[in-house]
Amino acid sequence: MAIALIPEALGLLLTPQNVMFICIGVVFGMIAGSIPGFTGTNTVAIALPFTLAMRPEIALVFMSAIYIGANYGGAIPAVLINTPGTAGATATVLDAYPMSQQGDASKALGISILASVIGGFLAALVILFLLGPIGEIAFLFTNREIFVLGLFGLAAVAAAIGDNVRKGLVSGFIGLLIAAMPVDPTTGQRRLDFGFFGLYDAVPFVPVVVGLFAISELFYLIDKRAISSDTDVKTTYRDILGGFRYVLSRPLSLLRASTLGLVIGSMPGAGTSVANFVSWAIAKTMSNDPDSFGEGNPDGVIASEGSNSAVTAGSLVPTLALGIPGSGTTAVMLAALLLHGIRPGPNLMQDFTLEANIIILSLLVGNVALLIFALGISKYLVRIVTLPTFMIVPAILVLTVIGSYAMRGSMFDVWFMFLFGMIGFVMRENDFSLIPLILGVILGPIIEGAFLRSMLISSNDPMYFFESTIAIILWIGVVFVLISQPVFTVIRGVLESRTDLF
Amino acid sequence: MQNDEEGENAPTKSTAYVAVVRLSFITAGFVLAGLYLESTYGRIRLNNLYYPYFVISMLLLFGVTVYIEEIYGLFGRSPDLDFTESMKVTLEKWKRPIGLVLIGTVYLFIIDLVGFFSSSALAMIALMLVGGSRDAKQIVGVTLLVLALVYLLFVRLMGLQPPEGMFI
């Protein structure tokens with residue numbers, strides 16, 4: 001039982017060193033998350049190489065803390081200067097900034113802090129108790145199911161992220177092809193390494209992740225002068241605590257936002273950007289005063305912030321249990337797991353139950369740390385967005401270069417990162433989602449391994465992949481995901497041509 | 001995000017240019033698939049190639065549909081600019097990101113030559129100048145601060161040995 005491991009996981013987690021890393025991670029995440037345009041995904045990607053020298057459990061705790069901090073950090077400029085730091089805080093702007101304009105900036109900040117903390121805490125608590133049942137289901141997955149699950153995950157992420165499912169699939173299959181470039185896993189024969197020893201036995205996924213997310217972002221950041229010059233907002237601790245009291249007086253709103261965030265986050269591919277808007281829209285629909293939403297209704301801030309922080313825990317469910325990330329940030333977390341020898345997917349719940357417990361428990365502790373640090377430094381962090389980008393861009397470039405080098409002490413990895421930075425820029429300019437490609441590169445070796453073992457077991461019979469109930473359900477899932485978007489588009493087109501509904 | 005999609009008042013770029021931009025990523029994917037086939041077919045036992053060839057088949061299948069969709073989207077355009085003019089407009093629009101690519105490339109080339117810290121200092125100064133900073137104190141201050149942070153984190157804390165050249 002996973003729950004039986006909680007005391008042991010707590011013992012490993014609550015060491016002075018881990019608590020220190022949680023605090024550093026939360027603060028680092030808050031700082032980076034508060035920079036508009038610099039998402040939680042980029043932040044976690046940049047931090048990935050820093051974890052190389054850490055023990056696996058410390059690294060995972062550190063990454064989770066950054067994830068929590070970055071997720072909240074986006075709310076700070078959203079509240080104070082009408083600019084969401086991350087996509088997950090976009091709906092926060094709708095009510096938080098009008099509150100600031102009405103002189104309630106401190107209260108809005110207080111609401112965003114406590115709604116984030118409680119939302120994230122509740123969701124992590126629920127997930128902690130679901131780890132056991134998830135582990136039981138994971139036992140049913142063999143190589144065959146893992147192969148089909150990998151394809152299902154790729155299709156689900158391609159469909160959920162971006163507007164064009166086919167572009168997402170092209171992205172994902174290019175990722176799988178890149179992952180299949182090193183030596184043949186059964187015979188050791190070279191396949192397509194272009195003569196580079198750095199590609200001989202495995203594609204280094206850390207440079208790919210850092211390049212695609214962090215470097216490609218620099219191409220956009222360098223074109224801006226400063227992110228904002230508007231920091232003329234005064235906040236007081238007394239009013240921030242007033243915001244806390246308001247959140248505590250709305251337990252049902254908070255519970256609804258957390259539940260929505262948890263459920264939406266658990267869906268592969270759906271992340272904070274979806275959750276905060278859905279939650280805000282539902283809160284508006286269920287309110288007695290829907291017209292006040294968007295005009296500075298504090299419940300709108302609770303709905304957005306309570307849900308987007310619950311996504312943090314929710315999105316770790318498909319990531320840990322199935323190896324399918326619930327968001328871009330968890331795609332990078334997948335890379336972090338692999339980097340430290342922890343293989344995501346159904347086997348994780350069999351082989352790494354303790355580590356899974358540590359990760360979820362670290363979310364609980366991380367949210368407590370978030371409460372302390374958010375209260376202490378949020379009002380000052382808004383000054384970061386006034387830093388000129390010509391300072392931020394060179395700093396990030398140097399950090400990513402040394403970070404990619406640190407992985408294997410190889411300049412090849414640095415060049416590889418830079419190459420993928422440019423590829424990421426081209427992809428973004430042409431509306432190709434980055435996440436399926438990352439997923440393909442990360443999951444490629446796992447999917448290929450499962451495929452090869454299945455073929456060995458079945459004496460190369462492809463029908464073997466259709467001979468179990470779980471595999472058949474997953475295949476149906478793949479077909480459903482692939483046809484749902486085009487079918488919906490056709491239906492919508494027909495309705496549009498016949499009615500005035502749209 | 002597409003930079004080839006013009007704003008309301010911007011001149012429409014050449015269709016050939018837009019096609020090159022829009023199809024660049026997917027074409028690169030096809031080229032990679034072609035090189036993979038060329039490198040593996042007949043050299044590795046076919047039983048071992050079922051998986052990568054399945055991936056390539058799927059890539060071609062979905063890639064061709066995207067190709068058709070993109071080309072279809074190019075019909076009916078009335079461009080104001082020819083290919084060269086379109087390229088000039090893009091270069092003008094993306095001059096800073098292009099500066100980043102050039103500085104980044106030179107930076108990576110000289111790391112082994114002059115050492116990580118020296119080349120990083122040069123790259124940071126160049127990038128800040130390209131970014132528009134003209135304040136010498138600010139440039140030196142930020143450069144020293146970032147490099148000190150890198151030294152503390154990666155060299156002292158993680159024990160990493162950054163690439164060394166003529167200098168450090």
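First the proteins, then the strands, lettered A, B, ... as listed; each starts at 1. This one's a predicted model, so the numbers in the text were calculated from it and none came from an experiment.
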Separation between OG1 of B:Thr40 and CD of A:Gln189, rounded to the nearest 0.5 Å:
10.0 Å

Choice from B:Val146, B:Val150, B:Leu127, B:Ile44 maximising heavy atom contacts with chain A below 4.5 Å:
B:Ile44

Please say whether more than 12 non-hydrogen atoms of neighbouring residues, nucleotides or ligands are located less than 6.0 Å from OH in A:Tyr200.
no

So what's closer than 4.5 Å to chain A heavy atoms on B:Tyr51: side chain, backbone, both or neither?
both

Please state whether the side chain, the backbone, both or neither of B:Ile111 comes within less than 4.5 Å of a heavy atom of chain A.
side chain

Minimum heavy-atom separation for B:Tyr50 to A:Met455, with atom names?
CD1-CE, 3.6 Å

Between A:Ile402, A:Asn460, A:Ile447, A:Leu169, which has the largest tally of heavy atom pairs under 4.5 Å with chain B?
A:Ile402

Which atoms of A:Met54 approach chain B - backbone, side chain, both or neither, heavy atom under 4.5 Å:
neither

Could you check B:Trp94 against A:Phe425 for side-chain contact (heavy atoms from CB on, under 4.5 Å), going step by step and ending with a plain yes or no?
CA-CA 12 Å; B:Trp94 293 113; A:Phe425 177 70; 3.9 Å; yes

Most contacts with chain B, counted as non-hydrogen pairs under 4.5 angstrom, among A:Ile215, A:Ile174, A:Ile423:
A:Ile174

Measure distances from A:Val426 to the heavy atoms of chain B and classify the residue's part below 4.5 Å as side chain, backbone, both or neither.
side chain

Atom pair CD1 (A:Ile222) and CE (B:Met128), whose distance is rounded to the nearest 0.5 Å:
11.0 Å

Check the pair B:Val101 / A:Met422 against side-chain contact (heavy atoms from CB on, under 4.5 Å), numbers first and verdict last.
CA-CA 8 Å; B:Val101 171; A:Met422 288 187 276; 3.7 Å; yes

Under 4.5 Å from any heavy atom of chain A - which part of B:Phe54:
side chain

Take A:Glu448 and B:Val55 through the side-chain contact (heavy atoms from CB on, under 4.5 Å) test and state the conclusion after the steps.
CA-CA 10 Å; A:Glu448 182 172 13; B:Val55 171; over 6 Å; no

Working to the nearest 0.5 angstrom, can you tell me the gap between A:Ile178 CD1 and B:Tyr36 OH?
12.0 Å

At a 4.5 Å cut-off on heavy atoms, which part of B:Ala28 comes close to chain A: side chain, backbone, both, or neither?
neither

Side chain, backbone, both or neither: which part of B:Leu160 has an atom under 4.5 Å from a heavy atom of chain A?
side chain

If I measure from the heavy atoms of chain A, does B:Leu100 come under 4.5 Å with its side chain, its backbone, both, or neither?
both

So does A:Arg190 get a backbone contact from the side chain of B:Arg43, meaning a donor-acceptor N/O pair under 3.5 Å?
yes

How long is the span from the CZ atom in A:Phe173 to the CD1 atom in B:Ile56, to the nearest 0.5 Å?
12.0 Å

Between B:Phe30 and chain A, with a heavy-atom cut-off of 4.5 Å, which part of the residue counts as in contact: side chain, backbone, both or neither?
neither

CZ of B:Phe25 to CZ of A:Arg428, rounded to nearest 0.5 Å, is 13.5 Å

Given the options B:Asn47, B:Thr105, B:Val142, which has more heavy-atom pairs under 4.5 Å with chain A than any of the others?
B:Thr105

For B:Ser39 against A:Leu192, the heavy-atom pair lying closest together
CB-CD1, 3.9 Å

Option in B:Gly104, B:Gly63, B:Ser24 with maximal non-hydrogen atom pairs under 4.5 Å from chain A
B:Gly104

Salt bridge check: are A:Lys167 and B:Glu70 linked by an N-O gap of less than 4.0 Å?
yes

Using a cut-off of under 4.5 Å on heavy-atom pairs, state which of A:Leu397, A:Thr187, A:Val398 scores highest against chain B.
A:Val398

Heavy-atom pair count under 4.5 Å with chain A, highest-scoring of B:Arg45, B:Lys95, B:Met124:
B:Met124

Given that the side chain runs from C-beta out, which part of B:Glu38 has a heavy atom under 4.5 Å from chain A: side chain, backbone, both or neither?
neither

Pair B:Glu69-A:Asn164, side-chain donor/acceptor within less than 3.5 Å:
yes

Crowding at CE, B:Met58 (>12 non-hydrogen neighbours, <6.0 Å):
yes

Less than 4.5 Å to any heavy atom of chain A: does that hold for the side chain of B:Leu61, its backbone, both, or neither?
neither

Okay, A:Leu437 and chain B: the region with an atom under 4.5 Å from a heavy atom over there is side chain

Atom CZ of residue position B:Arg134 - does it have more than 12 heavy atoms of other residues, nucleotides or ligands inside 6.0 Å?
yes

Looking only at A:Val393, A:Thr186, A:Val401, the option with the highest number of non-hydrogen pairs under 4.5 Å against chain B is A:Val401

Given 3.5 Å as the limit, does a donor-acceptor pair link the side chain of A:Asp223 with the main chain of B:Arg96, or not?
no

Would you say that more than 12 heavy atoms from the other residues, nucleotides or ligands in this model lie under 6.0 Å from the CZ of B:Phe75, or not?
no

A:Arg191 CZ to B:Asn48 CG distance, which is reported to the nearest 0.5 Å
8.5 Å

